[in-house]
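First comes the structure, then the notes that go with it.
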Amino acid sequence: MERDNFIYKPTQKRILDDGSFTWKAPSNIALVKYWGKKEPQLPENASISFTLDACSTITTIDFSKSKPNENVNFDIYFEDEKKDDFKPKIEKFFERIKQYVPFISDYNFVIKTRNTFPHSSGIASSASGMSALALCIMSMEKALNPAISDELFNKKASFLARLGSGSAARSVEGPLVVWGKHDKIDNSSDLFGVKFSGTVHENFKNYHDTILLVDKGEKQVSSTVGHNLMNNHPFAQQRFVQANENMIKISEALKLGDLKSFISIVESEALTLHSMMMTSHPYFILMKPNTLEIINKIWAFREKTNSNICFTLDAGANVHILFPEKEKEKVNDFIISELIQFCQNNHYICDRVGFGARQIQ
Ligand code: DP6
(Lines give C-alpha, C1' and ligand atoms only; values in the text may rest on other atoms or scores of the structure.)
Protein backbone atom coordinates (compact mmCIF):
# COMPACT_ATOMS: atom_id res chain seq x y z
CA MET A 1 0.00 0.00 0.00
CA GLU A 2 1.32 3.42 -0.98
CA ARG A 3 1.14 6.82 0.64
CA ASP A 4 -1.58 7.93 -1.82
CA ASN A 5 -3.92 5.18 -0.54
CA PHE A 6 -4.18 7.16 2.69
CA ILE A 7 -5.38 10.40 1.15
CA TYR A 8 -8.99 11.02 2.14
CA LYS A 9 -11.26 10.07 -0.75
CA PRO A 10 -14.78 9.61 0.55
CA THR A 11 -17.04 7.35 -1.50
CA GLN A 12 -19.95 8.42 0.64
CA LYS A 13 -20.23 11.78 2.33
CA ARG A 14 -22.15 12.31 5.52
CA ILE A 15 -22.70 15.54 7.37
CA LEU A 16 -20.93 15.71 10.70
CA ASP A 17 -21.59 18.90 12.64
CA ASP A 18 -20.27 17.95 16.03
CA GLY A 19 -19.58 14.92 18.17
CA SER A 20 -17.16 13.12 20.38
CA PHE A 21 -15.00 9.99 20.12
CA THR A 22 -12.93 8.20 22.73
CA TRP A 23 -10.19 5.62 22.22
CA LYS A 24 -7.98 3.72 24.59
CA ALA A 25 -4.64 2.86 22.97
CA PRO A 26 -1.87 0.76 24.48
CA SER A 27 1.80 1.37 24.94
CA ASN A 28 4.22 -1.13 23.39
CA ILE A 29 7.66 -2.50 24.15
CA ALA A 30 10.05 -3.11 21.26
CA LEU A 31 11.88 -6.45 21.10
CA VAL A 32 13.89 -5.43 18.03
CA LYS A 33 14.37 -1.69 18.33
CA TYR A 34 13.60 1.22 16.06
CA TRP A 35 16.50 3.65 16.42
CA GLY A 36 17.26 5.86 13.45
CA LYS A 37 14.79 7.41 11.02
CA LYS A 38 14.55 9.47 7.85
CA GLU A 39 11.98 11.94 6.56
CA PRO A 40 9.00 11.72 6.69
CA GLN A 41 9.21 9.68 9.88
CA LEU A 42 10.32 6.47 8.17
CA PRO A 43 12.36 3.87 10.04
CA GLU A 44 15.90 2.91 9.03
CA ASN A 45 15.15 -0.71 9.96
CA ALA A 46 12.20 -2.94 10.74
CA SER A 47 11.18 -3.35 14.39
CA ILE A 48 8.81 -5.61 16.31
CA SER A 49 7.06 -5.06 19.63
CA PHE A 50 4.76 -6.62 22.13
CA THR A 51 1.64 -4.55 22.54
CA LEU A 52 1.02 -3.93 26.24
CA ASP A 53 -2.25 -4.27 28.08
CA ALA A 54 -2.31 -2.12 31.22
CA CYS A 55 -0.17 0.84 30.16
CA SER A 56 -2.34 2.91 27.87
CA THR A 57 -3.67 6.35 27.03
CA ILE A 58 -7.36 7.26 26.94
CA THR A 59 -8.16 10.19 24.67
CA THR A 60 -11.44 11.90 23.90
CA ILE A 61 -11.90 14.43 21.13
CA ASP A 62 -14.92 16.74 21.20
CA PHE A 63 -15.36 18.51 17.89
CA SER A 64 -17.68 21.08 16.42
CA LYS A 65 -17.87 22.48 12.92
CA SER A 66 -16.22 25.85 12.35
CA LYS A 67 -15.30 27.85 9.28
CA PRO A 68 -12.23 26.30 7.63
CA ASN A 69 -9.03 27.29 9.44
CA GLU A 70 -5.51 27.52 8.10
CA ASN A 71 -4.28 25.74 11.25
CA VAL A 72 -6.26 23.18 13.19
CA ASN A 73 -7.95 24.83 16.17
CA PHE A 74 -7.74 22.92 19.45
CA ASP A 75 -7.28 22.99 23.20
CA ILE A 76 -5.67 20.13 25.03
CA TYR A 77 -6.29 18.93 28.57
CA PHE A 78 -4.15 16.35 30.33
CA GLU A 79 -5.79 14.81 33.38
CA ASP A 80 -8.36 17.65 33.39
CA GLU A 81 -5.74 20.37 33.33
CA LYS A 82 -5.26 22.63 30.31
CA LYS A 83 -1.80 21.93 28.92
CA ASP A 84 -0.61 24.58 26.49
CA ASP A 85 2.90 23.12 26.64
CA PHE A 86 1.58 19.95 24.92
CA LYS A 87 0.36 22.08 21.99
CA PRO A 88 3.47 22.36 19.78
CA LYS A 89 3.79 18.57 19.42
CA ILE A 90 0.11 18.18 18.54
CA GLU A 91 0.24 21.19 16.19
CA LYS A 92 3.11 19.54 14.34
CA PHE A 93 1.16 16.28 14.22
CA PHE A 94 -1.94 17.99 12.76
CA GLU A 95 0.24 19.82 10.26
CA ARG A 96 1.73 16.51 9.10
CA ILE A 97 -1.54 14.59 8.86
CA LYS A 98 -3.69 17.36 7.34
CA GLN A 99 -3.04 16.26 3.76
CA TYR A 100 -4.47 12.81 4.61
CA VAL A 101 -7.42 13.99 6.72
CA PRO A 102 -8.16 17.48 5.34
CA PHE A 103 -11.54 17.61 7.11
CA ILE A 104 -9.79 18.36 10.43
CA SER A 105 -9.38 21.98 9.32
CA ASP A 106 -13.18 22.40 9.37
CA TYR A 107 -13.56 21.77 13.10
CA ASN A 108 -12.65 23.11 16.51
CA PHE A 109 -11.37 20.43 18.86
CA VAL A 110 -11.14 19.88 22.58
CA ILE A 111 -8.74 17.00 23.28
CA LYS A 112 -8.85 15.38 26.71
CA THR A 113 -6.25 12.79 27.48
CA ARG A 114 -4.99 10.72 30.40
CA ASN A 115 -2.68 7.78 30.93
CA THR A 116 -3.38 4.68 32.97
CA PHE A 117 0.20 4.90 34.27
CA PRO A 118 1.63 7.79 36.30
CA HIS A 119 2.78 10.67 34.09
CA SER A 120 6.02 11.03 36.00
CA SER A 121 7.02 7.40 35.65
CA GLY A 122 9.62 7.88 32.95
CA ILE A 123 7.40 5.78 30.66
CA ALA A 124 7.03 7.41 27.27
CA SER A 125 3.40 8.08 26.49
CA SER A 126 4.01 9.26 22.93
CA ALA A 127 3.25 5.84 21.39
CA SER A 128 -0.07 5.31 23.17
CA GLY A 129 -0.92 9.02 23.06
CA MET A 130 -0.39 9.48 19.32
CA SER A 131 -2.15 6.21 18.58
CA ALA A 132 -5.22 7.17 20.65
CA LEU A 133 -5.43 10.57 18.96
CA ALA A 134 -4.98 9.09 15.48
CA LEU A 135 -7.77 6.58 16.19
CA CYS A 136 -10.12 9.37 17.30
CA ILE A 137 -9.43 11.21 14.01
CA MET A 138 -10.09 7.95 12.14
CA SER A 139 -13.46 7.65 13.89
CA MET A 140 -14.29 11.07 12.43
CA GLU A 141 -13.24 9.84 9.00
CA LYS A 142 -15.44 6.76 9.42
CA ALA A 143 -18.40 8.94 10.46
CA LEU A 144 -17.88 11.04 7.31
CA ASN A 145 -17.22 8.06 5.07
CA PRO A 146 -18.77 4.89 6.54
CA ALA A 147 -17.60 2.79 3.58
CA ILE A 148 -14.02 2.66 4.86
CA SER A 149 -13.06 -0.97 5.64
CA ASP A 150 -11.83 -2.09 9.07
CA GLU A 151 -8.51 -3.03 7.50
CA LEU A 152 -7.95 0.40 5.98
CA PHE A 153 -9.16 2.01 9.22
CA ASN A 154 -6.43 0.28 11.24
CA LYS A 155 -3.72 0.78 8.66
CA LYS A 156 -4.50 4.45 8.28
CA ALA A 157 -4.69 4.90 12.08
CA SER A 158 -1.20 3.40 12.34
CA PHE A 159 -0.03 5.49 9.36
CA LEU A 160 -1.26 8.72 11.01
CA ALA A 161 0.05 7.72 14.46
CA ARG A 162 3.48 7.11 12.90
CA LEU A 163 3.57 10.70 11.70
CA GLY A 164 3.18 11.75 15.34
CA SER A 165 5.69 9.31 16.81
CA GLY A 166 7.36 6.41 15.03
CA SER A 167 6.76 3.80 17.70
CA ALA A 168 3.07 4.83 17.82
CA ALA A 169 2.67 2.98 14.50
CA ARG A 170 3.00 -0.19 16.63
CA SER A 171 0.30 0.83 19.15
CA VAL A 172 -2.91 0.17 17.22
CA GLU A 173 -3.06 -3.63 17.11
CA GLY A 174 -1.59 -6.56 19.03
CA PRO A 175 -0.22 -8.82 20.38
CA LEU A 176 2.92 -8.48 18.20
CA VAL A 177 3.35 -5.72 15.66
CA VAL A 178 5.98 -5.17 12.97
CA TRP A 179 6.78 -1.75 11.60
CA GLY A 180 9.29 -1.24 8.79
CA LYS A 181 9.65 -2.91 5.41
CA HIS A 182 11.37 -6.28 5.63
CA ASP A 183 11.80 -8.59 2.64
CA LYS A 184 11.10 -11.71 4.67
CA ILE A 185 8.05 -10.41 6.55
CA ASP A 186 4.78 -10.45 4.64
CA ASN A 187 2.88 -7.18 4.34
CA SER A 188 5.50 -5.24 6.31
CA SER A 189 5.72 -1.55 5.48
CA ASP A 190 7.67 1.56 6.41
CA LEU A 191 4.39 3.49 6.36
CA PHE A 192 2.43 1.66 9.07
CA GLY A 193 2.59 -1.18 11.57
CA VAL A 194 1.05 -4.59 10.82
CA LYS A 195 0.18 -7.50 13.05
CA PHE A 196 3.05 -9.98 13.00
CA SER A 197 1.86 -12.59 10.50
CA GLY A 198 4.19 -15.44 11.53
CA THR A 199 3.27 -18.34 13.79
CA VAL A 200 3.62 -17.62 17.50
CA HIS A 201 4.30 -20.52 19.86
CA GLU A 202 2.25 -21.05 23.06
CA ASN A 203 5.32 -20.05 25.12
CA PHE A 204 4.80 -16.45 24.07
CA LYS A 205 1.08 -16.25 24.80
CA ASN A 206 0.23 -13.98 27.70
CA TYR A 207 3.87 -12.96 28.13
CA HIS A 208 4.50 -10.66 31.09
CA ASP A 209 6.25 -7.30 31.22
CA THR A 210 6.95 -5.90 34.68
CA ILE A 211 8.32 -2.40 34.39
CA LEU A 212 10.78 -1.38 37.09
CA LEU A 213 10.76 2.39 37.52
CA VAL A 214 14.40 3.14 38.20
CA ASP A 215 14.19 6.78 37.18
CA LYS A 216 10.87 8.56 37.03
CA GLY A 217 12.26 11.85 35.75
CA GLU A 218 11.83 13.43 32.34
CA LYS A 219 13.75 11.70 29.55
CA GLN A 220 17.37 12.81 29.48
CA VAL A 221 17.44 12.60 25.70
CA SER A 222 14.31 13.29 23.64
CA SER A 223 13.55 10.73 20.97
CA THR A 224 14.11 13.33 18.25
CA VAL A 225 17.59 14.04 19.53
CA GLY A 226 18.16 10.31 20.02
CA HIS A 227 17.20 9.29 16.49
CA ASN A 228 19.27 12.14 15.09
CA LEU A 229 22.31 10.67 16.80
CA MET A 230 22.15 7.89 14.24
CA ASN A 231 22.82 10.33 11.38
CA ASN A 232 26.56 10.12 10.69
CA HIS A 233 26.97 7.57 13.49
CA PRO A 234 30.03 5.43 12.63
CA PHE A 235 28.19 2.15 13.35
CA ALA A 236 24.74 3.10 12.04
CA GLN A 237 24.72 1.15 8.78
CA GLN A 238 25.91 -2.03 10.47
CA ARG A 239 23.31 -1.57 13.20
CA PHE A 240 20.47 -1.33 10.64
CA VAL A 241 21.69 -4.53 8.97
CA GLN A 242 21.89 -6.26 12.37
CA ALA A 243 18.36 -5.19 13.34
CA ASN A 244 16.95 -6.59 10.10
CA GLU A 245 18.81 -9.86 10.73
CA ASN A 246 17.44 -9.96 14.26
CA MET A 247 13.94 -9.64 12.81
CA ILE A 248 14.46 -12.98 11.04
CA LYS A 249 16.00 -14.59 14.11
CA ILE A 250 13.22 -13.45 16.41
CA SER A 251 10.52 -14.60 13.96
CA GLU A 252 12.09 -18.05 14.11
CA ALA A 253 12.30 -18.01 17.93
CA LEU A 254 8.66 -16.93 18.16
CA LYS A 255 7.63 -19.76 15.85
CA LEU A 256 9.62 -22.48 17.61
CA GLY A 257 8.93 -21.25 21.14
CA ASP A 258 12.70 -20.96 21.53
CA LEU A 259 12.92 -18.94 24.74
CA LYS A 260 16.71 -19.05 24.93
CA SER A 261 17.13 -17.47 21.48
CA PHE A 262 14.39 -14.97 22.27
CA ILE A 263 16.26 -13.90 25.42
CA SER A 264 19.57 -13.47 23.66
CA ILE A 265 18.07 -11.40 20.83
CA VAL A 266 15.98 -9.19 23.13
CA GLU A 267 18.75 -8.45 25.63
CA SER A 268 21.29 -7.86 22.88
CA GLU A 269 18.88 -5.42 21.19
CA ALA A 270 18.45 -3.47 24.43
CA LEU A 271 22.19 -3.24 25.03
CA THR A 272 22.87 -2.37 21.39
CA LEU A 273 20.38 0.50 21.59
CA HIS A 274 22.26 1.85 24.59
CA SER A 275 25.62 1.19 22.91
CA MET A 276 24.51 3.34 20.00
CA MET A 277 23.90 6.19 22.43
CA MET A 278 27.22 5.66 24.16
CA THR A 279 29.11 5.73 20.86
CA SER A 280 27.40 8.72 19.22
CA HIS A 281 28.40 12.40 19.31
CA PRO A 282 27.33 13.81 21.66
CA TYR A 283 27.33 10.59 23.74
CA PHE A 284 24.98 9.61 26.54
CA ILE A 285 24.74 6.99 29.26
CA LEU A 286 21.04 6.55 29.91
CA MET A 287 21.35 3.62 32.31
CA LYS A 288 21.66 4.37 36.02
CA PRO A 289 23.65 2.34 38.57
CA ASN A 290 20.40 0.63 39.59
CA THR A 291 19.71 -0.38 35.98
CA LEU A 292 22.95 -2.35 36.07
CA GLU A 293 22.20 -3.76 39.53
CA ILE A 294 18.91 -5.11 38.17
CA ILE A 295 20.50 -6.56 35.03
CA ASN A 296 23.15 -8.37 37.08
CA LYS A 297 20.50 -9.74 39.47
CA ILE A 298 18.46 -11.00 36.51
CA TRP A 299 21.49 -12.77 35.05
CA ALA A 300 22.36 -14.35 38.39
CA PHE A 301 18.77 -15.51 38.92
CA ARG A 302 18.64 -17.00 35.44
CA GLU A 303 21.92 -18.80 36.00
CA LYS A 304 20.79 -20.18 39.34
CA THR A 305 17.21 -21.18 38.49
CA ASN A 306 17.27 -21.72 34.73
CA SER A 307 14.38 -19.25 34.50
CA ASN A 308 13.46 -17.66 31.16
CA ILE A 309 13.29 -14.16 32.60
CA CYS A 310 14.99 -11.44 30.53
CA PHE A 311 15.16 -7.67 30.33
CA THR A 312 14.79 -4.97 27.76
CA LEU A 313 15.27 -1.21 27.91
CA ASP A 314 13.82 1.86 26.24
CA ALA A 315 15.87 4.99 25.76
CA GLY A 316 16.08 5.48 29.52
CA ALA A 317 16.98 3.85 32.83
CA ASN A 318 13.79 1.87 33.50
CA VAL A 319 13.92 -1.89 33.05
CA HIS A 320 11.22 -3.99 31.40
CA ILE A 321 11.30 -7.55 32.73
CA LEU A 322 9.85 -10.06 30.30
CA PHE A 323 8.85 -13.59 31.32
CA PRO A 324 6.49 -16.40 30.30
CA GLU A 325 3.08 -16.86 31.93
CA LYS A 326 4.07 -20.18 33.47
CA GLU A 327 6.90 -18.58 35.46
CA LYS A 328 4.85 -15.76 36.86
CA GLU A 329 4.77 -16.86 40.55
CA LYS A 330 8.46 -17.62 40.71
CA VAL A 331 9.50 -14.43 38.89
CA ASN A 332 7.10 -12.19 40.85
CA ASP A 333 8.59 -13.48 44.11
CA PHE A 334 12.06 -12.74 42.79
CA ILE A 335 11.10 -9.24 41.64
CA ILE A 336 9.56 -8.38 44.99
CA SER A 337 12.31 -9.83 47.13
CA GLU A 338 15.34 -8.75 45.10
CA LEU A 339 14.58 -6.06 42.52
CA ILE A 340 12.04 -3.62 43.91
CA GLN A 341 14.68 -2.13 46.19
CA PHE A 342 16.35 -0.64 43.10
CA CYS A 343 13.21 1.21 41.96
CA GLN A 344 12.51 4.83 42.75
CA ASN A 345 10.14 4.77 45.75
CA ASN A 346 9.84 1.00 45.18
CA HIS A 347 7.54 1.70 42.21
CA TYR A 348 6.91 -0.80 39.46
CA ILE A 349 4.09 -1.65 37.04
CA CYS A 350 2.85 -5.15 36.26
CA ASP A 351 1.83 -5.43 32.65
CA ARG A 352 1.44 -8.16 30.07
CA VAL A 353 0.90 -8.56 26.36
CA GLY A 354 -2.34 -7.02 25.07
CA PHE A 355 -4.42 -7.05 21.94
CA GLY A 356 -4.56 -3.48 20.76
CA ALA A 357 -6.59 -0.31 20.97
CA ARG A 358 -10.32 -0.19 21.54
CA GLN A 359 -13.00 2.42 21.16
CA ILE A 360 -14.82 3.47 24.30
CA GLN A 361 -18.45 4.36 23.78
C1 DP6 B 1 13.95 3.46 21.99
O2 DP6 B 1 8.90 6.50 18.68
O3 DP6 B 1 9.70 7.74 20.70
O4 DP6 B 1 11.59 3.28 22.21
O5 DP6 B 1 9.59 8.66 16.19
O6 DP6 B 1 10.91 10.43 17.31
O7 DP6 B 1 8.64 9.82 18.18
P8 DP6 B 1 9.89 9.35 17.47
O9 DP6 B 1 10.60 8.31 18.43
P10 DP6 B 1 9.99 7.19 19.35
O11 DP6 B 1 11.27 6.24 19.47
C12 DP6 B 1 11.22 5.11 20.27
C13 DP6 B 1 12.50 4.41 20.27
C14 DP6 B 1 12.63 3.29 21.26
C15 DP6 B 1 12.68 1.95 20.54
C16 DP6 B 1 11.39 1.45 19.98
O17 DP6 B 1 10.32 1.69 20.56
O18 DP6 B 1 11.47 0.75 18.96
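All values derive from a computational prediction rather than experimental measurement. Only heavy atoms go into these numbers, but all of them, side chains included; no hydrogens, no water, no symmetry mates. Counting starts at 1 for both ligands and their atoms, in listed order.
- Between atom OG1 of residue Thr116 and atom CG of residue Leu52 there is a gap of 9.5 Å, rounded to the nearest 0.5 Å.
- For the residue pair Ser165/Lys89, the side-chain donor-acceptor check at 3.5 Å is not satisfied.
- For ligand 1, none of its N or O atoms has an N or O atom of Gly164 under 3.5 Å away.
- Using a cutoff of 4.0 Å between basic side-chain nitrogens and carboxylate oxygens, Glu81 and Arg114 are not scored as salt-bridged.
- Between the choices Ser167, Ser223, Ala161, Gly180, the shortest heavy-atom distance to atom 2 (O) of ligand 1 belongs to Ser167.
- Among all protein heavy atoms, the one lying closest to atom 4 (O) of ligand 1 is Asp314 OD1, 3.5 Å.
- In terms of protein heavy atoms, atom 6 (O) of ligand 1 is closest to Lys37 NZ, 2.7 Å.
- Between Asn28 and ligand 1, a contact under 3.5 Å exists for no N or O pair.
- Listed for the Lys142 side chain is a donor-acceptor partner under 3.5 Å among the backbone atoms of Ile148.
- The backbone N or O of Lys328 sits nowhere less than 3.5 Å from a side-chain atom of His208 that would complete a donor-acceptor pair.
- Using a 4.0 Å cutoff on heavy atoms, Met130 does not count as a contact of ligand 1.
- Shown are Lys38, Lys37, Lys181; of these, the salt bridge (charged side-chain N to carboxylate O under 4.0 Å, His left out) with Glu44 is made only by Lys38.
- Of the protein's non-hydrogen atoms, the one nearest atom 13 (C) of ligand 1 is Tyr34 O, 3.5 Å.
- Every side-chain contact (heavy atoms from CB on, under 4.5 Å) that Gln344 has, sequence neighbours left out, goes to Asp215, Lys216.
- Of all atoms in ligand 1, listed by their number and element, those nearer than 4.0 Å to a heavy atom of Trp35 are 1 (C), 13 (C).
- Close approach of ligand 1 to Gln41 (heavy-atom distance below 4.0 Å) involves ligand atoms 5 (O).
- Near Ala30, with a cut-off below 4.0 Å to any heavy atom, the atoms of ligand 1 are 16 (C), 17 (O), 18 (O).
- Checking only distances, His227 does come within under 3.5 Å of ligand 1, N or O to N or O.
- Of the candidates Arg162, Lys89, Arg170, the one placing a heavy atom closest to atom 16 (C) of ligand 1 is Arg170.
- For atom 7 (O) of ligand 1, the closest non-hydrogen atom of the protein is Ser165 OG, 2.7 Å.
- Under the 4.5 angstrom side-chain criterion for Ile, Leu, Val, Met, Phe, Trp and Tyr, the cluster partners of Tyr77 are Val110.
- Salt-bridge annotation for Asp84 and Lys82: present, with a side-chain N of the basic residue lying under 4.0 Å from a carboxylate O of the acidic one.
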